[in-house]
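Throughout, a chain's letter reflects where its sequence line sits, starting with A, and its residues are numbered from 1. Hydrogens, waters and symmetry mates are skipped; everything else that's a heavy atom, side chains included, is used.
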Amino acid sequence: MPPRVRFAPSPTGYLHVGGARTALLNWLYARKTGGTFILRIEDTDQERSTEAHTQVILDGLKWLGITFDEGPFFQAQYSPRHRADAEKLLAEHKAYRCFCTREELETARQAAIKAGSSFRYDGRCGRLTPAEAAARVQQGDPSSIRLRMVDGEIAWEDAVHDRISFQGHDLDDFIILRSDGTPIYNLAVVSDDIEMAVTHVIRGDDHISNTPKQIALYRALDQPAPIFAHVPMILGPDGKKLSKRHGATAVGDYQHQGILPLAMRNFLALLGWSPGGDREILPEAEMIELFSLEGIQKKAAVFDVAKLEWMNGQYLSARPAAELLEPVRLHLRELGVTESGRDLIPLIDAVKARSRTLLDIATQVGVRLDASRVVRDAKGTQLAAKLGAAFSANLLIGHAALSALTPSQWNPADLETAIKALAEREGKKLGDLMQPVRVALTGGTVSEPVNELLAVIGRDESLDRIRAAAQ
RNA sequence: GCCGCUAUCGUCUAGAGGCCUAGGACACAGCCCUCUCAAGGCUGGUACACGGGUUCGAAUCCCGUUAGCGGUACCA
């Protein structure tokens with residue numbers, strides 16, 4: 001039977017890169033095995049769940065090219081079944097009503113903390129006789145439902161960690177249904193995973209401590225537990241769980257910075273999973289082909305933005321400019337650059353080799369398109385200062401020579417010939433002549449070769465910028 | 001505190017007892033190329049947490065220590 005896996009985010013925030021990676025791993029497993037990938041939105045926390053967050057998750061997955069086969073299902077719609085499961089357990093005495101109030105529980109918890117130990121519910125309501133419990137319900141006392149934990153070992157063969165074992169007596173009788181009749185996470189998850197016939201639960205290893213509780217629930221419901229695969233967390237550069245204070249953590253943040261979805265997906269796949277060997281850049285087909293749960297790392301991984309950007313640069317270089325056109329346009333629009341009818345392809349080609357993100361490309365294209373975006377940077381200023389009068393002088397020499405070229409000669413090849421000839425005639429090194437021009441045209445000391453730069457900016461505009469800079 | 005998980009270069013990782021004086025990638029440094037930068041090529045430094053076992057032999061297996069992380073809710 002083909003596996004059935006699911007990604008089950010709660011719509012209480014943006015799509016975190018950790019969540020995206022979990023989704024990706026599930027997706028890879030489903031695609032690898034010919035299984036089914038289900039998307040289930042866990043919106044049982046009505047306080048914090050919003051439709052906007054759901055949409056962001058959907059958009060993020062779509063952007064990454066992670067497609068699901070079933071869903072999205074919304075967990076909150078299934079609370080009648082969750083409640084029915086809880087009541088079934090109640091009827092079978094595998095669960096019991098708890099009349100302790102939140103306040104009482106909180107007081108006991110504080111006392112436990114003060115005493116330096118951890119709070120565990122003592123199961124007192126579990127010792128009420130059925131008659132006593134019925135009487136309290138009768139008199140209108142609100143009650144939650146707790147699962148009766150049984151002693152003994154709860155262990156499973158984790159697909160990434162191998163055997164993990166807990167003891168039943170270390171776990172307390174946890175609540176499965178709130179006093180308002182809504183289900184608690186662990187119950188909802190198990191109930192839904194049973195209903196959706198999920199065979200493999202691939203999720204973050206921060207859920208490891210939920211797993212024994214969930215296995216207890218499977219047992220109580222007389223259902224076989226699925227295979228669990230707990231994948232490692234993603235950490236910030238300081239080794240702490242990746243969070244907002246580390247900067248960009250949402251998939252959308254990287255989209256806005258101009259990371260390509262395939263680069264992001266490739267990078268995420270390699271964070272905590274390895275196909276073995278030396279592979280770095282993996283096309284989708286190979287990624288699926290090579291994927292296995294065994295290749296998943298046990299250890300948490302630090303999210304290294306520098307490597308992401310490197311990888312993005314690799315993808316950028318491999319893409320023809322035409323494929324980058326639309327996303328670059330989007331970034332240009334955000335930057336407020338007007339295209340003024342220019343063919344952007346040569347501009348993108350001119351700068352993409354030196355770019356790590358689409359935003360880099362758009363910024364550089366903007367500088368080439370619009371003189372008002374030329375800002376003299378530190379290196380450019382330094383060069384002009386160092387050269388002093390020679391800076392202007394060399395610009396004027398260049399201006400004079402370049403002015404002599406006709407519009408039809410204004411192409412990379414003829415420009416190169418003219419520049420080399422000029423350097424020879426003047427007895428100057430190419431760099432001495434060209435660096436000031438580069439600064440005049442872009443404001444900085446880094447760009448494509450100057451002949452190409454001149455060609456891409458255009459004759460009149462280039463000459464204007466050179467003359468202006470020579471003042 | 002308790003329960004659990006983890007431990008190879010700064011980072012991502014390869015490594016399933018001899019192929020390991022530990023390989024690759026990112027980052028870093030140097031050189032080559034060169035009008036600058038990027039790319040590319042070459043070179044370099046840096047790692048098996050520690051201590052005990054097991055074994056002819058251990059990065060790999062076992063135990064302990066230490067450290068880090070996760071959980072410890074009528075959150076998910």
Under 4.0 Å protein heavy-atom contacts per nucleotide of nucleotides 4-17 of chain B, with B for base, S for backbone only and - for none: SSSSS--SBSS---

Sugar-phosphate only, base, or nothing, as touched by Cys98(A) at under 4.0 Å among non-hydrogen atoms: nothing

Aromatic contact, Phe303(A) with Tyr254(A) (centres under 6.0 Å): yes

Under 4.0 Å protein heavy-atom contact, by nucleotide of nucleotides 36-49 of chain B - B base, S sugar-phosphate only: BBSS----------

Atom pair distance, as rounded to whole Å: OH in Tyr14(A) and P in A76(B): 21 Å

Nucleotide forming a Watson-Crick or wobble pair with G51(B), both distances under 3.5 Å: C63(B)

His169(A) versus Asp151(A), side-chain donor and acceptor atoms under 3.5 Å: no

Sugar-phosphate, base or nothing in reach of Asn186(A), heavy atoms under 4.0 Å: nothing

Aromatic ring proximity Tyr185(A)/His82(A), centre distance under 6.0 Å: no

Pair Glu416(A) + Lys420(A), salt bridge at N-O below 4.0 Å: yes

Rounded distance in Å between the P positions of U46(B) and A22(B): 10 Å

Arg376(A) and Thr381(A): CA distance, side-chain angles, deciding distance, side-chain hydrogen bond (donor to acceptor under 3.5 Å, both in side chains) verdict: CA-CA 6 Å; Arg376(A) 188 72 60 88; Thr381(A) 307; 5.6 Å; no

Side-chain N,O (Arg178(A)) to OP1/OP2 (A76(B)) below 4.0 Å: yes

Closest contact, heavy atoms only, His53(A) versus Thr12(A): CD2-C, 3.7 Å

Pairing of Glu280(A) and Lys307(A) as salt bridge, 4.0 angstrom limit: yes

Touch class at under 4.0 angstrom, heavy-atom based, for His207(A) against every strand present: base

Nearest non-hydrogen partners of Leu316(A) and Ser355(A), listed with the distance: CD2-O, 3.8 Å

Atom pair distance, as rounded to whole Å: CG in Asn312(A) and P in A25(B): 20 Å

Salt bridge Glu106(A)-Arg102(A), side-chain N to carboxylate O under 4.0 Å: no

Sugar-phosphate, base or nothing in reach of Lys240(A), heavy atoms under 4.0 Å: sugar-phosphate

Nucleotide nearest Asn451(A) (side chain, heavy atoms from C-beta), chosen from G70(B), A76(B), C35(B): C35(B)

Sugar-phosphate, base or nothing in reach of Asp172(A), heavy atoms under 4.0 Å: nothing

Separation of the C1' atoms in C56(B) and U65(B), to the nearest angstrom: 29 Å

Value in whole Å for how far the P atom of A76(B) lies from CD1 of Ile175(A): 11 Å

Atom P, compared across U60(B) and G53(B): separation rounded to whole Å: 14 Å

Same-atom distance (C1') from A76(B) to A16(B), integer angstrom: 37 Å

Atom P, compared across C62(B) and U54(B): separation rounded to whole Å: 15 Å

Side chain to side chain contact (heavy atoms under 4.5 Å, CB included), paired with Gln75(A), selected from Ile41(A), Asp192(A), Asp45(A): Asp192(A)

Whole-Å distance separating the CE atom of Met434(A) from the C1' atom of U34(B): 15 Å

Paired nucleotide for C5(B) [Watson-Crick or G-U wobble; both distances under 3.5 Å]: G68(B)

Sugar-phosphate only, base, or nothing, as touched by Lys429(A) at under 4.0 Å among non-hydrogen atoms: nothing

Base partner of G57(B), which must satisfy Watson-Crick or wobble distances under 3.5 Å: none

Sugar-phosphate only, base, or nothing, as touched by Thr182(A) at under 4.0 Å among non-hydrogen atoms: nothing

Exercise: do Gln139(A) and Arg136(A) side chains pair donor with acceptor under 3.5 Å: no

Nearest-angstrom distance, C1' atom, U36(B) to G23(B): 35 Å

Whole angstrom value for the distance that separates P of A73(B) from CG of Asp173(A): 14 Å

Distance, C1' atom - from C69(B) to C26(B), rounded to whole angstrom: 24 Å

C74(B) phosphate, OP1 or OP2, under 4.0 Å from Arg109(A) side-chain N/O: yes

Spatial distance of atom CD1 (Ile176(A)) from atom CZ (Arg146(A)) [nearest 0.5 Å]: 10.5 Å

Nearest-angstrom distance from the residue atom CG of Leu242(A) to P of C69(B): 14 Å

Sugar-phosphate only, base, or nothing, as touched by Leu105(A) at under 4.0 Å among non-hydrogen atoms: base

Atom-to-atom span, CE of Met311(A) to C1' of A27(B) - whole angstrom: 14 Å

Whole angstrom value for the distance that separates C1' of U34(B) from CG of Leu433(A): 16 Å

Interatomic distance at P, G15(B) relative to C9(B), whole Å: 16 Å

